[in-house]
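Below is one structure, written out as structure tokens; the observations come after it.
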Amino acid sequence: MEANGKYDLEAPLLQPSDCVAVTISQSGLAKSRTAMFKIDGVTCASCSTSIEEALSALDGVESAVVSPLQGQAVVRYRPESVSAKTIKETINAMGYQVNDFLDQGIAVFRLRIKGMACTSCSESVERALSMVDGVKKVMVGLALEEAKIYFDPNVTDSNQLINAIEDAGFGADLISFGEDVNKVHLRLEGISSVKDINIIHSSLESIEGVNHVEMDAAECKVTISYDPDLTGPRSLIQSVEEASQGLKIYHASLYVPPSQGEAGRQQEMKSYRNQFVWSCLFSIPVFLFSMVLPMLHPYGNWLSHKVHNKLTIGMLLRWILCTPVQFIIGRRFYLGSYHALRRGSANMDVLVSLGTNAAYFYSMYISLKALTSNSFEGQDFFETSSMLISFILLGKYLEVLAKGKTSDALAKLSELAPEMAILLHLDDEGNVVAENEISTKLLQRNDVLKIVPGSKVPIDGIVIKGQSHVNESMITGEARPVAKKPGDKVIGGTLNENGYLVVRATHVGSETALSQIVQLVEAAQLARAPVQKLADRISKYFVPAVVALAFLTWLGWFIPGEVGAYPHRWIPKAMDSFELALQFGISVLVIACPCALGLATPTAVMVATGKGASQGVLIKGGNALENAHKVKTVIFDKTGTLTVGKPHVVSTMIFSSMSIEELCDIAAAAEANSEHPIAKAVVEHYKKLHEKYGSNRENISEVSDFEVHPGLGVSGSVSGKVVLVGNKKFVQAYNVLVSPEVEDYMMESEQLARTCVLVAVDGMIAGAFAVTDPVKPEAEQVISFLRSMSISSIMVTGDNWATATAIAREVGIERVFAETDPLGKAEKIKEFQMKGVAVAMVGDGINDAPALVAADVGMAIGAGTDVAIEAADIVLIKSNLEDVVTAIDLSRKTLSRIRLNYVWALGYNVLGVPVAAGILFPFTGIRLPPWLAGACMAASSLSVVCSSLLLQYYKKPLHIQDA
């Protein structure tokens with residue numbers, strides 16, 4: 001498996017402009033920047049001088065140069081003291097016009113959002129952030145409780161973004177700044193003054209490769225962002241210690257801050273749990289005093305004793321106990337309602353506040369009437385308010401608990417890397433002189449590590465000594481251990497089974513395959529699936545509709561009760577028609593739940609993407625996950641996809657006076673710069689030939705004017721000769737004659753499912769290679785299984801018709817399109833799409849990238865090129881075709897689960913609201929008290945989350961190794 005490719009998680013957001021360029025210095029946002037402005041109206045040297053003087057007077061501007069000829073200003077400034085927006089406004093105030101900023105130097109923030117409960121909340125956060133000047137793109141994940149913001153740092157900063165979220169009524173904590181997550185946290189010792197802090201700060205900033213230094217003087221901690229190509233954690237620690245002066249000794253040690261996501265979730269769980277416990281301390285006595293003790297004579301008789309007029313002890317106690325629940329413990333609902341209404345939306349907090357306030361203030365009115373009247377009779381509903389808040393808090397606590405489980409698969413992936421590693425110290429001759437155990441967070445690129453049997457590989461690297469078998473199932477899902485020898489790649493987090501390995505680190509920190517997988521899945525979980533649009537549309541009208549329905553319910557029971565339209569016996573004892581109608585109205589308010597709708601899609605997507613990643617299928621977002629279930633046709637590339645991708649030359653034929661060694665030398669020189677598998681086979685054949693005949697020649701000849709012709713071949717000049725290496729179509733395009741002898745050799749090779757590579761030198765066919773690439777053992781079963789899923793399979797390849805047909809016949813594919821160039825593959829996909837067929841493309845090479853982008857779902861083989869992996873929607877890590885089936889099947893199961901979640905959420909509201917409104921009451925006498933309706937509302941969100949969690953038990957439908 002090719003483990004070391006980078007997945008490009010950041011899509012191009014902005015188009016280039018020619019107005020302003022902003023250059024950020026190597027040391028990052030904390031240091032000076034240079035901004036270039038286009039200014040209209042600068043006509044002379046006097047204009048430029050006045051602008052320069054005005055800008056230089058600004059605090060934070062280090063230099064300003066204005067060119068009257070070009071109408072440009074170059075300003076060097078410190079962003080912590082002055083912003084580019086202020087500079088622009090200063091120039092505008094002088095009567096000159098500055099064009100809009102160039103959208104370059106875009107910064108990225110990831111924030112933990114606290115307090116989101118439903119789709120309405122996530123939309124409010126997204127809307128609040130989008131309204132901030134300079135914000136380019138916002139993605140808010142409800143289930144993940146995160147926001148990813150792309151913004152122009154010249155216009156806004158983190159404080160403004162966090163303030164915008166807080167103004168919208170939510171909390172926000174910074175998770176990370178920028179896409180670069182190579183950070184190290186150090187704890188400092190020997191710090192006693194501001195001078196010490198400045199010395200260490202300057203020492204760290206002077207190191208090449210350090211991007212940003214953030215000092216926490218109070219806690220004696222420092223956070224450093226760095227480029228792993230230029231420096232590393234141990235070098236940074238050494239720099240701190242070398243900054244010591246005389247008796248002033250500084251020490252630095254690794255500090256691992258607690259995970260903000262997990263810490264935030266634990267804090268939220270603790271908050272809900274504590275509030276629920278406190279609520280129960282007050283609510284349970286209220287419930288006992290109103291529902292239980294009055295029925296237990298004579299134990300509850302004391303509650304009916306009068307305090308004054310008609311105000312009883314029970315009524316007074318219920319009022320006293322309910323008040324802290326309503327206004328102190330229930331304060332979160334008031335705040336949530338206030339912020340929601342202020343931003344012009346409504347959420348669950350609004351419904352809860354309306355329901356509990358109606359019950360509480362009506363009960364308070366009854367109590368005051370009883371206090372002031374000696375003839376008034378009425379029933380209070382204090383237990384409705386307190387019990388309702390208690391049940392909702394319990395539901396939210398259980399919901400947070402369950403939501404934490406949705407990211408279990410991702411958390412397990414993150415924990416695969418070991419905490420410690422054995423570092424080897426080598427002398428100049430490569431001999432081991434010492435070894436010591438260090439934290440994996442202190443590892444740097446090119447470190448040499450010892451991996452003993454039974455231990456985990458700490459980073460991505462290359463084996464330089466030893467042989468073993470490594471279990472990669474935790475990363476790729478491949479059950480069989482993979483043999484490793486010098487030159488092979490190993491992946492961080494995998495298990496070394498039975499041998500001793502010495503590995504050189506190639507990728508550390510955020511660049512390891514494991515970290516890339518985690519980042520990709522996190523990005524996927526933030527992306528909103530199209531099916532989520534249903535919940536988004538409903539959420540806009542849900543709360544207003546429920547409030548209107550609750551009011552109509554109250555009217556529908558109150559007015560008929562007043563005019564005697566229904567029997568008086570329907571009204572419970574100690575109630576009147578107003579109170580009965582009020583209870584039905586409150587029940588409608590609190591039973592309707594917008595949260596379940598909002599959680600239906602994101603929780604399922606979170607579980608599915610995490611589960612897919614743990615089984616070797618990386619799904620890049622909800623859009624890919626949703627599209628995959630629609631696929632009716634899968635188009636396969638041949639080389640490296642249906643075949644193993646490691647072709648080798650099985651025969652060579654000479655059609656000229658050239659020797660076989662010379663032919664191989666010329667062909668290898670032309671193919672050496674190509675990464676096509678067949679090109680590599682020709683180069684490998686050349687090397688083996690020279691080894692076999694004991695040639696002293698080590699280097700391949702130089703090629704000039706080299707050019708790749710995708711899907712056809714390569715051309716170039718070798719030793720003054722024009723060389724073409726490729727297929728028949730390619731050489732004929734250059735007017736090279738293909739003789740009958742060559743045709744016969746090609747036909748003979750192609751009938752044996754071999755690819756014939758022609759070599760033309762100076763316009764004549766000099767020779768040919770027959771290359772074979774064995775079919776993957778699982779290919780036939782995968783094609784058969786796809787057929788059983790009602791999915792047709794097609795092969796599109798640049799290879800010749802005879803070879804392509806032979807391979808297709810072997811794996812069971814009936815439709816073949818051969819001799820197709822990369823753009824032709826994309827065109828074939830569009831032809832199927834024009835017929836209304838959803839198409840998936842499975843490929844591995846650069847020539848497959850256009851087709852992967854054109855397809856509804858692009859699936860890249862994990863061992864393929866970086867370009868293919870970046871272009872794809874789904875990455876099959878272990879390069880096994882059975883995962884094509886897994887990806888489609890997981891998508892189908894996930895969409896089925898999302899639909900079921902919507903059935904739960906919508907069905908619950910459709911059935912629950914009429915019952916709460918009293919539709920069954922006239923026929924059965926069944927009435928849903930408000931506190932019980934609140935418990936039902938809490939249960940609805942919990943049921944949706946638990947339904948999504950069932951995806952964790954997903955099993956692959958096809959296991960080739962078991963067949």
Side-chain angles (χ1 to χ4, degrees), residues 278-297 299-330 333-334 351-393 550-551 553-554 557-558 561-562 568 570-591 916 918 921 927-935:
W278 277 106
S279 179
C280 285
L281 288 177
F282 294 97
S283 299
I284 291 174
V286 171
F287 180 75
L288 291 174
F289 294 159
S290 62
M291 298 285 190
V292 180
L293 289 179
M295 299 179 183
L296 300 176
H297 300 288
Y299 305 106
N301 292 349
W302 62 276
L303 291 170
S304 58
H305 292 167
K306 305 290 190 297
V307 176
H308 183 70
N309 287 335
K310 290 293 184 177
L311 182 67
T312 63
I313 292 175
M315 194 179 291
L316 181 61
L317 286 174
R318 289 193 290 271
W319 188 2
I320 292 170
L321 290 169
C322 178
T323 300
V325 177
Q326 179 71 33
F327 297 108
I328 299 175
I329 297 170
F333 301 113
Y334 285 105
L351 296 178
V352 174
S353 295
L354 283 173
T356 56
N357 278 328
Y360 179 84
F361 286 108
Y362 177 73
S363 300
M364 190 174 76
Y365 162 76
I366 293 293
S367 301
L368 291 173
K369 276 291 267 187
L371 178 65
T372 57
S373 172
N374 57 8
S375 60
F376 177 78
E377 292 287 344
Q379 175 70 37
D380 68 88
F381 303 133
F382 284 119
E383 80 284 349
T384 294
S385 168
S386 59
M387 293 297 291
L388 181 55
I389 289 173
S390 297
F391 275 115
I392 290 172
L393 290 172
F551 180 71
T553 300
W554 176 76
W557 280 99
F558 174 60
E562 287 295 297
H568 189 71
W570 285 8
I571 302 175
K573 188 179 179 182
M575 275 195 195
D576 59 23
S577 59
F578 177 86
E579 292 166 350
L580 179 66
L582 184 63
Q583 286 229 345
F584 281 127
I586 293 172
S587 293
V588 170
L589 275 177
V590 298
I591 198 170
F921 186 64
R927 181 169 58 90
L928 203 61
W931 61 268
L932 188 56

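Note that the structure is predicted; figures quoted are calculated from it, not measured.
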Rounded to the nearest 0.5 Å, the CE atom of M387 sits from the SG atom of C322 at a distance of 11.0 Å
Residues 353-363 vs salt bridge (charged side-chain N to carboxylate O under 4.0 Å, His left out), sequence neighbours excluded, gives none
Heavy atoms of V286 and S386 approach each other most closely as CG1-OG, 3.6 Å
Sorted by chain and residue number, the side-chain contact (heavy atoms from CB on, under 4.5 Å) partners of P324 (sequence neighbours excluded) come out as F282, I328
With sequence neighbours left out, the residues meeting side chain to side chain donor-acceptor pair (under 3.5 Å) with S304 are none
* Can you find a heavy atom in the side chain of I591 that is under 4.5 Å from one in the side chain of S587? -> no
One should read off an interatomic distance between K310 NZ and T372 OG1, to the nearest 0.5 angstrom, of 12.5 Å
Q.
Please check if the number of heavy atoms outside Y365 that lie under 6.0 Å from its OH is greater than 12.
A. no
Residues passing the ring-ring contact (aromatic ring centres under 6.0 Å, His included) test with F578, sequence neighbours excluded, are Y362, W554, F558
Tightest non-hydrogen contact, residues P930 and I586, listed as CB-CG2, 3.6 Å
### Task
Keeping the roles fixed (side chain from N309, backbone from A370), state whether a donor-acceptor pair exists under 3.5 Å.
no
Minimal heavy-atom distance between P294 and L303, with the atoms involved, is CD-CD1, 4.3 Å
Sorted by chain and residue number, the side chain to side chain donor-acceptor pair (under 3.5 Å) partners of S353 (sequence neighbours excluded) come out as S337
The side-chain contact (heavy atoms from CB on, under 4.5 Å) partners of S367 (sequence neighbours excluded) come to L311, M315, W319, F382
Sequence neighbours excluded, the answer for side chain to side chain donor-acceptor pair (under 3.5 Å) partners of T384 is none
The side-chain contact (heavy atoms from CB on, under 4.5 Å) partners of L354 (sequence neighbours excluded) come to V350, V547, L589
Taken to the nearest 0.5 Å, the spacing of I571 CD1 from H568 NE2 works out to 5.0 Å
Are there more than 12 heavy atoms of other residues, nucleotides or ligands under 6.0 Å from atom OH of Y299?
no
The ring-ring contact (aromatic ring centres under 6.0 Å, His included) partners of F921 (sequence neighbours excluded) come to W557, F584
dist S363:OG -> L368:CG (nearest 0.5 Å) comes out at 11.0 Å
Exercise for review: Verify side chain to side chain contact (heavy atoms under 4.5 Å, CB included) between L580 and R927, making sure each step is shown before the conclusion.
Suggested key: CA-CA 10 Å; L580 179 66; R927 181 169 58 90; 3.8 Å; yes
By side-chain contact (heavy atoms from CB on, under 4.5 Å), S279 pairs with (sequence neighbours left out) S283, V325, I329, I389, S390, L393
On a heavy-atom basis, the closest approach of G585 and T553 is N-CG2, 4.2 Å
Between the CG atom in N374 and the NE2 atom in H308, the distance rounded to the nearest 0.5 Å is 9.0 Å
Residues passing the ring-ring contact (aromatic ring centres under 6.0 Å, His included) test with W278, sequence neighbours excluded, are none
Separation between CZ (F289) and CD1 (I313), nearest 0.5 Å, reads 10.5 Å
Across all chains, not counting sequence neighbours, the side chain to side chain donor-acceptor pair (under 3.5 Å) partners of Y334 are Q326, N357
